[in-house]
Amino acid sequence: MEYKFNEIEKKWQEHWKAGNTYKVSNQSDKPKYYVLDMFPYPSGAGLHVGHPLGYIASDIYSRYKRLKGYNVLHPMGFDSFGLPAEQYAIETGQHPAETTKKNIATFKSQLDKIGFCYDWDREVRTSDASYYKWTQWIFLQLYNSYFCNTQQKALPILELVKKYETKGCSKFTADQWNSYSKNEQEEILMNRRLAFSKYGEVNWCEALGTVLANDEVVNGVSERGGHPVEKKKMRQWYLRITAYADRLLDGLETVEFSESMKEMQRNWIGKSQGAEITFKIVNGESSMVNELLTVYTTRPDTIFGVDFMVVAPELELVQQIKSADQSAAVDEYIAYVKSRSDVDRMAEKKITGCFTGAYAVNPFDGRQIPVWISEYVLAGYGTGAIMAVPCGDERDFKFAQHFNIPITNIIGTYFNGEEANPTKEAFLENSGFLNGMKMTDAMEAVLHKLEANAIGKRKVNYKMRDAGFSRQRYWGEPFPIIWSDGVPVALDAAELPLELPHVDKYGPGPEGEGPLANITNWINVELPGTSVSGRRETSTMPGYAGSSWYFLRYMDPSNSETFCNRKASDYWNQVDLYIGGTEHAVGHLLYSRLWTKVLFDLGYIGYDEPFKKLLNQGMIQGSSRFVYRYKNEPNVFVSKEMRHEYHWRWFCKNDPDYINGSDIEKEIIKDKVWNKEKSNDKYDEIHVDVNFVDGFKLDIDKFKHWKPEYNNVTIIPENDMSYICGSETEKMSKRYFNTVDPSDLCNAYGADTFRMYEMFLGPVEASKPWDTKGIEGVHRFLRKLWRLFFDEVKGPIWTTVAPSPLERAGGEASNAELKVLHKTIKRIEEDTERFSFNTAVSTFMICVNELADIKCHKKEMLEQVLILLTPYAPHIAEELWHQLGNAGSVLDATYPVFNPALLVESSKEYPVSINGKLRTNINLALDLEQADVEKLVLENETVQKWLEGKMPKKIIYVKNKMVNVVI
RNA sequence: GCCCAGAUGGCGGAAUUGGUAGACGCAGCAGACUCAAAAUCUGCCGCCCACAAGGUGUGCAGGUUCGAUUCCUGUUCUGGGCACCA
């Protein structure tokens with residue numbers, strides 16, 4: 001009987017579906033376990049082999065936990081709002097709802113082919129009104145809450161209003177508050193709401209009349225059309241994530257994320273302790289300007305080393321302080337900066353800047369310090385201005401050097417004049433009252449004096465900024481907000497969902513508003529329950545809105561009364577294992593942590609961290625293949641290793657100097673032309689579909705039929721008539737023709753082979769290029785496993801012979817088969833527990849190799865192996881399980897228990913090194929002590945040879961590890 | 001530029017806590033079976049030298065150690081993120 005994987009997999013997938021095998025209940029006596037994959041965006045390109053890497057890992061772990069007796073939640077759904085669908089709609093006119101539906105259907109059929117154990121009844125889609133109703137509802141919770149600084153948690157905004165009405169606050173009395181107009185009150189509350197609106201900058205493209213995503217801006221111009229892009233201020237919604245900065249930091253201590261992941265989040269939050277210092281400004285023409293410059297610094301101890309100030313060019317202040325003769329230069333520089341993205345600005349190595357003509361006065365020694373503007377200072381961080389200390393800060397140092405600003409050395413010999421030294425250990429010089437003080441102590445002294453003289457104050461600062469929450473787009477959640485007289489009015493929860501209206505055109509609205517602004521009968525409404533006219537918010541929510549809370553919806557996916565029943569969220573609690581890429585390190589993970597904390601504060605859920613353990617999957621990169629088109633003859637494609645020769649031959653036929661030259665001249669020309677690098681430049685590298693290439697060998701026929709323009713091309717192959725392609729590792733993407741469809745591999749080798757091969761490629765956490773070639777090896781392994789049960793001619797060959805009680809007892813009597821089995825149980829369990837799925841696959845290979853070597857066909861042994869294999873290759877395991885005559889499903893079998901007694905050994909082949917270099921092996925009993933070992937080792941022939949009669953200085957013996965003789 | 005990660009044979013990788021570098025698989029080479037092929041099986045397979053013995057070897061340069069792929073310092077290159085791709 002043959003291993004007919006296609007039949008087997010189809011049969012069991014249908015069987016499992018019909019039997020509701022993956023249905024998960026919220027009620028169970030078993031302990032719960034929640035395994036979650038990061039929410040996929042259903043792109044039009046479908047699934048490629050890079051996507052399922054994490055899904056297979058999570059599926060294996062889910063099935064493993066199920067076998068171990070857990071009630072496992074392992075859901076899947078789609079983050080179906082997003083820019084690409086809208087972009088596609090603009091290009092093709094197809095409605096995003098339609099294309100999204102189609103894409104999801106493709107994704108689901110691809111996922112199902114791989115045999116995942118999802119409970120599809122729990123599927124969620126962020127673009128369904130039944131889902132985004134609750135996204136909008138949570139937005140309203142954020143909008144109607146504020147962060148109480150004393151309790152360090154979110155509270156209903158009404159409590160703040162009550163406080164203002166009765167007690168007022170430090171800025172106004174209760175009476176004052178009560179006398180404010182509605183608009184004035186609203187403005188004050190807006191400063192506290194967790195979801196709030198203010199003016200912010202966007203990438204504005206005048207030519208396209210639209211706001212662009214950072215992604216759509218390349219080198220300062222729009223990706224489509226190459227039009228100029230500049231910053232524009234627009235009213236935007238934000239989430240006050242900065243209020244939660246400390247709790248987001250503290251929460252990291254309670255979760256199992258990798259240290260690097262936590263580090264990235266900490267750096268993103270960027271908490272620093274320092275001081276805000278205010279400087280008086282004097283103008284270059286010496287007439288006092290009545291302006292103050294406030295800088296933020298983490299190093300107040302270096303105050304006497306300040307040689308210049310740098311202000312973010314976009315600060316208003318710049319206009320007020322610039323001197324008349326620098327005015328034109330300043331404006332010119334600001335225009336340049338406006339055209340640059342934040343990323344460009346930060347990535348820039350070139351030093352740019354402009355002197356404003358103004359000077360700041362050092363409050364301690366009265367020194368006048370020039371004020372510059374430069375793009376390396378960002379308006380959003382700190383006060384948007386820094387005091388530059390070139391002897392202590394590298395970037396300041398380079399700036400000073402570039403613009404010839406004299407450098408004051410306050411750290412004596414610590415500064416060598418060649419590069420800045422950010423030390424905190426130096427004893428200060430040239431530092432007025434701080435002279436001779438250690439920098440770490442000076443910090444406190446300066447802070448004290450700053451506060452005493454009211455020229456500065458201690459300040460904790462965060463690099464993190466509030467999260468922009470508006471998108472000038474169509475395909476997203478509409479905001480449940482109506483604007484009236486410049487004041488936002490929130491819809492009542494009962495009015496949700498506010499459905500996304502249908503549109504036929506996706507172009508931007510006036511003034512850079514989103515497409516919704518064009519639907520006048522939708523935007524112009526009366527405030528609920530009144531006749532006051534209002535206008536709906538026309539922007540939509542960003543991609544991360546829906547994905548910030550989806551893990552909760554899976555627990556209670558069809559509830560129409562609430563976003564997630566408290567009983568359900570209490571039962572499933574945190575996600576026990578979350579698998580996804582590091583590209584979400586800061587964005588998605590911080591946002592969902594924020595939402596969870598707010599929902600917790602408001603009492604809707606019982607925990608404030610969503611993900612208990614995070615496992616990062618690596619990226620699978622594409623391995624692209626190239627063909628080489630000869631530039632001199634565009635109809636000719638030359639194989640990789642023939643490029644040089646072909647070009648030389650062409651040259652000999654076509655270069656008149658060579659043809660007519662003498663033999664000596666020919667030699668000289670040949671010397672010049674005979675250069676491989678140069679001849680390779682004579683070819684265009686053209687991406688070719690990797691599916692036409694076996695390893696590096698091109699299927700010439702398929703290539704010629706790929707595109708009409710290739711039908712009649714000339715192919716110059718290698719000497720063995722094959723065409724060898726070039727290769728490069730790139731991102732896996734349709735446009736490089738390097739995507740591989742998992743469904744194709746499932747059809748050709750089976751889902752079980754595909755699953756195991758993806759795992760076999762390497763550690764889940766590692767990034768690696770995809771290469772289909774090795775899949776054969778895994779497939780051979782499964783066929784070899786099959787042959788332990790079936791012989792092609794004889795049919796079933798398993799036996800019901802069982803090990804004797806003595807063999808089962810372990811020790812010396814245990815037989816080879818039991819040893820193999822229990823060694824495997826131990827390793828598979830350990831490897832699976834530590835997510836080392838690649839070594840688990842090789843353990844299975846070793847197990848099957850060894851069982852085949854000792855011709856083990858015992859049902860009792862093989863059965864146990866099948867259970868171990870079930871999480872990895874469920875279809876073949878279920879098939880063989882039933883072939884052996886078992887009634888129930890292997891998915892719910894009892895997981896084998898490792899018996900250490902079976903693996904006990906009495907001796908070991910020890911490696912013996914001389915001075916750390918391996919020279920020989922000696923078999924030693926495991927219970928030997930140092931003295932016995934020394935004696936035995938010294939008797940050894942090889943050891944004696946190296947000793948040359950001398951006595952060793954030392955013999956190191958590490959039990960069960962090794963012996964090292966030091967001479 | 002800043003933050004994070006990675007680098008081991010022709011290739012993917014293994015070595016779980018500082019203790020035999022290269023498990024397992026791919027590719028390759030040689031052989032068995034076969035009319036032949038496929039499938040399967042056996043053996044070889046880091047590099048240098050080669051009869052052996054040996055030398056050398058985990059991106060690069062140093063260091064700690066009896067012993068370093070593993071720890072430390074520096075450095076190069078590659079990948080991810082940098083706030084509107086998801």
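Letters A, B, ... are given to chains in the order of the sequence lines, protein chains preceding strands, and every chain is numbered from 1. Since the model is a prediction, treat every value here as computed from it, not as a measurement.
Contact annotation for A:G82: backbone-only contact, meaning every heavy-atom pair under 4.0 Å involves sugar-phosphate atoms and none involves a base. If you check every strand for non-hydrogen atoms under 4.0 Å, A:H584 touches a base. A:M38 comes within contact range of no nucleotide atom at all, as no heavy-atom separation falls under 4.0 Å. When heavy atoms are screened at a 4.0 angstrom cut-off, A:V963 is found touching no nucleic acid atom at all. Within 4.0 Å of A:E263, counting heavy atoms only, lie sugar-phosphate atoms of the nucleic acid but no base atom. Here A:K917 lies in heavy-atom contact (under 4.0 Å) with sugar-phosphate atoms only. Nucleic acid contact for A:I956: base, since at least one base atom lies under 4.0 Å from a heavy atom of the residue.
Between B:C24, B:U16, B:G80, one nucleotide has an atom nearer to the side chain of A:M619 than all others, and that is B:G80. Counting only heavy atoms from C-beta on, A:M264 has its side chain closest to B:C4 among B:A27, B:C4, B:A83. Closest to the side chain of A:N849, out of B:G25, B:A83, B:G19, is B:G25. In this structure, the nucleotide among B:G55, B:C84, B:U20 sitting nearest to the side chain of A:R919 is B:G55. If you check B:C85, B:U42, B:G12 against the side chain of A:L761, the one that comes closest is B:G12. Distances were taken from every side-chain heavy atom of A:K961 (C-beta onward) to each of B:C41, B:A53, B:G19; the shortest belongs to B:G19. When each of B:U16, B:C41, B:G19 is scored by its nearest atom to the side-chain atoms of A:D831, the top-ranked nucleotide is B:U16. Taking only side-chain atoms of A:D79, from C-beta outward, the nucleotide of B:C41, B:A86, B:U16 with the closest atom is B:A86.
Inter-residue side-chain proximity for A:L239 and A:D466 is flagged as unmet; no heavy-atom pair is nearer than 4.5 Å. With a 4.5 Å cut-off on side-chain heavy atoms, A:V937 and A:Y957 do not count as touching.
Cation-pi geometry between A:K961 and A:Y910 is not met at under 6.0 angstrom from the ring centre and within 45 degrees of the axis.
The nearest whole Å value for the distance from the CH2 atom in A:W786 to the P atom in B:A39 is 19 Å. Atom NZ in A:K855 sits about 13 Å away from atom C1' in B:U40, given to the nearest Å. The distance between atom CG of A:N960 and atom C1' of B:U20, rounded to the nearest whole Å, is 13 Å. Atom pair A:I846:CD1 and B:A15:P shows a separation of 11 Å (rounding to whole Å applied). Protein atom CD of A:E765 is 10 Å distant from nucleotide atom P of B:G6, rounded to whole Å. For the pair A:R783 CZ and B:A39 C1', the computed distance is 7 Å after rounding to whole Å. The CG-P distance, from A:N616 to B:G81, rounds to 13 Å in whole Å.
In summary, the side chains of A:T540 and A:W475 do not present any donor paired with an acceptor at a separation below 3.5 Å, with no hydrogens or angles considered.
In terms of polar N and O atoms assigned as donor or acceptor, the side chain of A:N214 never comes within less than 3.5 Å of the base of B:C84 in a complementary pairing.
Not one N or O on the side chain of A:T582 forms a donor-acceptor pair closer than 3.5 Å with the backbone of A:A585.
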